[in-house]
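Below is one structure, written out as structure tokens, with a few remarks after it.
Since we're looking at a predicted model, the values are computed, not measured.
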Amino acid sequence: MEAFLIALFAATLRSTAPLLLTALGGMFSERSGVVNIALEGIILFGALAAAVSTQLLEAPYLAADPNSRVWWIPWVGVLIGAVVGGLVGWVHAVISIRYKADQIISGTAINLLAFGLPSIILSYLYGNTTSSQEVVNRLPTWGVGAFQFSPLVYLAFLLVPVTWYVLFRTPWGLRLRSVGEHPEAADSMGVNVYRMRYAAVILSGVLAGLAGAYLSVGFLNQFIRNMSAGKGFIALAAMIFGKWHPLGILGATLLFGFADALAIQLGSANILPGALIQAFPFVVTMLVLAGFIGRARPPAAIGKPYEK
Amino acid sequence: MSKGSPGLFLNRLWLPLASLGFIALLAVAPWVVANRAFGGKGVLVTPWSVIDLTGRASTLPELGWLGPFFVFWVVLATAAALLSFVGTPRQRARGLYLLGGVGLAAFLVEAYLFYQAVWAVNNTALAEGVSPRRLPLKRYTLSLGAYAGFFYSLALILAGRLQLPGGRAFLVRWRGVVVPLVSMFLAVLAGAGVVWLLKDVPAPEGAGRLAYLTIKLDTVTYTFQLLFGPVLSLSGIFQSLLLATPLIFTGLAVAFGFKAGLFNIGAPGQLTMGAIAAMLVGVYLPGPRVIVLPLAIAAAAAGGALWGAIPGWLKARFGAHEVINTIMMNFVAASIFLFLISANEYTFFGYTVHLPFKYPGYEARSYEIQEEARIPMMLHLLGFDGAGPGHLSLALPLAGVLGLLAYLLLRRLELGHRLLAALGAGVLGYLVGGYLPGIPMEVSPSLASVRLNGAFLIALFAVGFYNYFMWRTKGGYELRAVGLAPKAAEYGGVNIARKTVLAMAISGALAGLAATHYVLGGGIDEYRLKQSLPTNVGFDGIAVALLGQNTPLGVFLSALLFGVLLTGGLQLNLQLGISRELVTILQALIVLFIAAGGFLPRYFVDPLLAAKEEQAGKEVV
């Protein structure tokens with residue numbers, strides 16, 4: 001029993017990390033007033049970029065010596081995953097800030113793109129449409145005993161106090177929040193609304209890209225089509241449940257991560273069917289949105305393009 | 001026409017630039033493909049060279065006219081470019097119209113000459129006793145060089161219209177068509193870029209850089225020829241209609257929401273719940289066909305309506321945003337779906353619960369829908385029983401034609417009477433058509449294998465319902481009012497909360513009806529619920545609705561377009577080894593570009609500015 005609980009705890013932290021990274025990213029974007037439902041797609045783009053770049057980088061080394069391990073390769077892969085995530089975030093930003101498009105439509109389009117484009121790239125690189133070649137150089141794991149975690153897991157939890165500090169204790173954070181609450185007022189105080197929003201959306205892309213990189217070179221060792229499996233949407237749900245606050249988000253993602261870990265760890269054990277546990281985060285979010293479990297109030301200017 | 005004067009701007013910069021690009025394209029692109037082998041290799045002919053990738057080009061058609069035509073197009077393009085610097089707008093417009101008309105005629109002559117030349121070669125071979133299966137030239141087409149002339153001519157005519165006063169207002173007035181078309185054009189360009197980057201081409205040895213460019217351009221052209229290819233054969237059209245059917249439903253669902261100011265992103269979940277409900281009725285409700293089939297169809301609608309109404313109610317009652325809720329409901333529906341058909345025995349905290357729904361075996365699927373609840377195949381409805389010779393029954397076509405005619409012609413009548421008359425005419429047509437002798441026809445095996453079923457007719461009815469309800473009834477008027485200006489509608493006495501629930505319920509019902517195609521019509525190869533239920537068409541509905549600009553006809557046409565592309569995508573995979581996901585990319589890009597207003601200037605996208613433009617246009621004229 002004790003071993004089971006320890007394994008469950010460790011699995012919870014592992015399941016939480018990508019949700020946490022993504023949800024914190026989404027928080028920046030939404031705090032600046034831009035809805036980002038593209039997070040799901042950005043995770044996939046980040047995962048694909050990390051896996052493919054790691055695999056391409058390590059290929060020459062493996063060709064020379066099949067047993068060679070190069071420590072920096074997965075890190076570069078993670079970096080590229082984050083950069084690609086940021087780029088996709090930038091696309092969302094351009095469409096929804098510069099061209100004042102409906103942010104939800106733009107996000108949906110990016111999600112659709114993340115459904116199709118990987119297949120084409122994978123079939124070009126590896127001759128199949130569903131998964132990348134497995135990478136040998138994965139991210140290392142740090143820790144003791146049963147608690148062996150990818151560095152990105154530590155990073156995710158470390159980011160909670162950091163984002164809290166940035167958001168609530170720095171001038172930048174104040175400007176960010178003001179842009180999302182009342183852009184006209186912020187503008188009249190000399191805050192560049194567009195620049196703040198661009199920064200926030202790109203940052204959300206970077207964090208979601210990191211989450212994707214964690215999935216493909218940290219948690220697994222390859223990119224699999226649709227490997228995000230709704231994590232972007234769960235993160236979105238956690239962000240709402242956490243009321244757009246880093247600590248709330250930490251709690252919500254831990255809860256959802258726990259549900260996820262429970263579903264995996266229980267397998268076909270006899271407490272609750274896995275199919276129903278998977279629906280848990282979504283039902284909870286709907287209850288929260290409806291105000292049954294505390295009231296969630298989004299930033300006031302969310303979803304509205306800013307007209308100067 | 002003084003301020004901003006887009007005509008002049010277009011003239012001095014864009015027309016010469018476009019002409020230059022056009023000439024460059026003419027010089028590089030293949031003009032015709034004389035013979036195309038499987039795998040995309042072809043015999044490409046440009047005005048100055050023949051690139052034979054098949055390695056088997058023994059005979060070529062007579063193509064000596066390509067050179068003179070090249071000279072002709074260069075002269076025409078130069079004339080058009082020079083024209084933009086002289087004369088009054090009216091003179092320029094006249095000149096451009098003339099040049100465009102001449103260009104179109106030239107394109108027709110080219111097509112005529114090409115097909116004549118090909119047939120001449122093939123006929124000679126036939127006369128020499130070659131069997132029709134071994135003709136020297138098979139699968140020949142005009143190619144990019146020739147098409148470019150066609151599109152350039154069209155562009156010249158459009159540019160001519162823009163020279164005239166009110167030209168910009170003319171474009172703005174048609175923005176409902178212009179924005180989707182421009183977005184589609186950009187998406188095709190971007191898709192071409194993807195193919196250009198990711199598709200290796202076989203260059204013969206010693207081929208120069210120019211030849212390499214030609215081959216690349218041919219590959220890209222061929223990709224899109226394949227994608228649009230299904231319209232050329234009857235079985236291709238049927239297959240396209242098959243794939244379009246669920247898209248019509250989900251597209252209508254999303255469009256319905258948009259019109260009421262709601263973003264229904266939950267079509268996948270509503271479709272799933274519709275499928276579950278249809279399965280429950282179709283499998284377990286005993287009774288005669290006249291009762292079970294309508295009930296099963298109604299169940300599909302009801303399942304979807306329930307799943308749409310819940311987020312609607314949550315929005316109306318608690319102000320919870322429908323986008324987030326519909327996304328969440330998608331996942332909940334997927335969970336319920338899996339729960340029902342993946343196992344029959346579950347344990348809740350130690351208690352065992354038995355369910356009856358899963359069909360025994362490894363695969364997650366339900367029991368089969370009973371015979372009485374199945375929607376017949378379209379071919380069957382048209383009077384055929386599978387492949388082979390048969391008679392095309394006139395009952396259904398006549399019913400459709402008469403019903404539509406009655407509806408269109410009896411404009412004088414009050415709406416209710418008009419609908420009744422149309423219905424009567426339809427029934428009359430059905431009866432009369434049933435008695436008329438059918439037209440003898442041969443059904444090919446490939447056509448008979450397409451599983452297009454009666455759900456397509458339900459989709460047509462849904463299009464009609466959308467048009468009728470949204471634009472011809474008080475309820476629809478109120479919904480559109482809520483969508484355009486909720487505050488104003490509320491002051492006008494509309495109960496917004498109730499309208500929100502109603503709109504989401506109808507939208508969900510439309511999405512749920514897509515299940516009639518999949519489950520009751522056997523659209524997924526079997527008459528049952530299976531894990532392979534492609535719920536993603538719910539998201540594709542967003543692309544369909546946007547491309548169709550939420551109009552009934554637009555949704556129908558864009559669903560057909562995507563049906564064609566998806567069908568062509570199969571060929572793409574077979575012949576060129578390019579994943580058919582290219583179509584998904586095109587869809588995504590179309591959505592993205594339409595969201596950005598096709599990157600057109602603000603006065604196209606902003607309704608107020610657009611109205612101002614139109615007004616200015618009227619004053620000038």
Side-chain angles (χ1 to χ4, degrees), chain A residues 35 37 41 91 94-96 98-106 108-125 127 129 230 233-234 236-237 240 268-286 288-292 296 298 302-303, chain B residues 194-195 197-200 263 265 310-311 314 317-321 323-325 327-332 334-339 342-343 346-350 352 536 539-540 542-543 546 577-597 599 602 605-606:
Chain A
V35 181
I37 68 164
V91 170
V94 170
I95 301 284
S96 51
R98 166 114 198 264
Y99 289 96
K100 301 181 172 43
D102 187 319
Q103 295 159 9
I104 290 160
I105 296 180
S106 164
T108 309
I110 289 174
N111 286 338
L112 266 177
L113 206 57
F115 192 71
L117 196 56
S119 290
I120 301 257
I121 294 175
L122 288 176
S123 71
Y124 169 67
L125 286 173
T129 57
F233 292 122
I234 299 182
L236 208 61
I240 297 165
S268 55
N270 46 14
I271 296 188
L272 270 176
L276 294 190
I277 296 182
Q278 276 162 11
F280 169 75
F282 306 110
V283 175
V284 169
T285 305
M286 289 174 64
V288 171
L289 270 176
F292 290 127
I302 201 159
Chain B
V194 170
V195 175
L197 280 178
L198 295 186
K199 181 68 192 160
D200 286 330
F263 198 161
I265 213 165
I310 294 174
L314 287 172
R317 177 74 180 75
F318 303 105
H321 204 290
V323 167
I324 304 291
N325 273 329
I327 292 175
M328 303 295 133
M329 300 275 288
N330 285 340
F331 287 97
V332 178
S335 283
I336 296 176
F337 179 74
L338 268 186
F339 178 71
S342 64
Y346 288 105
T347 11
F348 289 87
F349 303 104
T352 309
N536 262 315
F539 289 128
D540 299 345
I542 299 167
L546 282 174
I578 299 176
S579 163
R580 71 191 291 230
E581 293 299 333
L582 184 64
V583 180
T584 314
I585 295 181
L586 289 179
Q587 260 175 353
L589 290 176
I590 289 175
V591 173
L592 200 63
F593 294 159
I594 290 183
F599 301 111
R602 287 306 303 278
V605 191
D606 190 311

Seminar exercise, completed: Here the gap from B:Ile594 atom CD1 to A:Ile105 atom CD1, rounded to the nearest 0.5 Å, amounts to 9.0 Å
Seminar exercise, completed: Honestly, the part of A:Val91 sitting under 4.5 Å from a heavy atom of chain B is side chain
Seminar exercise, completed: When rounded to the nearest 0.5 Å, the distance separating CG of B:Leu546 from OG1 of A:Thr108 is 8.5 Å
Exercise. Of the listed residues (B:Leu338, B:Leu589, B:Ile327), which shares the most heavy-atom pairs with chain A below a 4.5 Å separation?
Worked result: B:Ile327
Seminar exercise, completed: Heavy atoms of A:Ala290 and B:Ala320 approach each other most closely as N-CB, 4.3 Å
Exercise. Under a 4.5 Å cut-off applied to non-hydrogen side-chain atoms, are B:His321 and A:Ile104 in contact?
Worked result: yes
Exercise. Are any of the side-chain heavy atoms of B:Ile585 and A:Phe115 separated by less than 4.5 Å?
Worked result: no
For this session: Heavy atoms only, distances under 4.5 angstrom: which of B:Gly577, B:Ala588, B:Ala543, B:Ala595 has the most pairs with chain A? Name it, please.
Result: B:Ala588
Seminar exercise, completed: Value for CG (A:Leu113) from CD (B:Glu581), rounded to nearest 0.5 Å, stands at 11.0 Å
Problem set entry | Test item: B:Asn325 and A:Thr285 side chains (from C-beta on) under 4.5 Å apart, heavy atoms | no
Seminar exercise, completed: Scanning both residues in full, the closest heavy-atom pair of A:Ile95 with B:Ala596 reads CD1-CB, 3.9 Å
Problem set entry | Toward chain A, the part of B:Phe339 with a non-hydrogen atom under 4.5 Å | both
Exercise. Are A:Leu112 and B:Leu592 close enough that some pair of their side-chain heavy atoms sits under 4.5 Å apart?
Worked result: no
For this session: To the nearest 0.5 Å, tell me how far B:Phe593 CZ sits from A:Tyr99 OH.
Result: 10.0 Å
Exercise. Under a 4.5 Å heavy-atom cutoff, which of B:Gly597, B:Ser342, B:Ser579 has the most pairs with chain A?
Worked result: B:Ser579
For this session: Report yes if the side chains of A:Tyr124 and B:Lys199 come closer than 4.5 Å at any heavy-atom pair, otherwise no.
Result: no
Exercise. Which region of A:Leu125, side chain (C-beta onward) or backbone (N, CA, C, O), has a non-hydrogen atom less than 4.5 Å from a non-hydrogen atom of chain B, or is it both or neither?
Worked result: neither
For this session: To the nearest 0.5 Å, tell me how far B:Ile324 CD1 sits from A:Met286 CE.
Result: 11.5 Å
Exercise. What are the two closest heavy atoms between B:Met328 and A:Phe282, and how far apart are they?
Worked result: SD-CD2, 3.4 Å
Exercise. Where does A:Ser106 contact chain B at under 4.5 Å (heavy atoms): side chain, backbone, both or neither?
Worked result: both
Seminar exercise, completed: Here the gap from A:Ile120 atom CD1 to B:Leu582 atom CG, rounded to the nearest 0.5 Å, amounts to 4.5 Å
Exercise. With chain A, which of B:Phe331, B:Phe539, B:Phe599 has the greatest number of heavy-atom pairs at distances under 4.5 Å?
Worked result: B:Phe331
Seminar exercise, completed: Checked B:Val194, B:Val332, B:Leu314 vs chain A; the most non-hydrogen pairs under 4.5 Å come from B:Val332
For this session: Under 4.5 Å, counting heavy-atom pairs only, tell me which of B:Leu586, B:Ile336, B:Asn536 racks up the most with chain A.
Result: B:Asn536
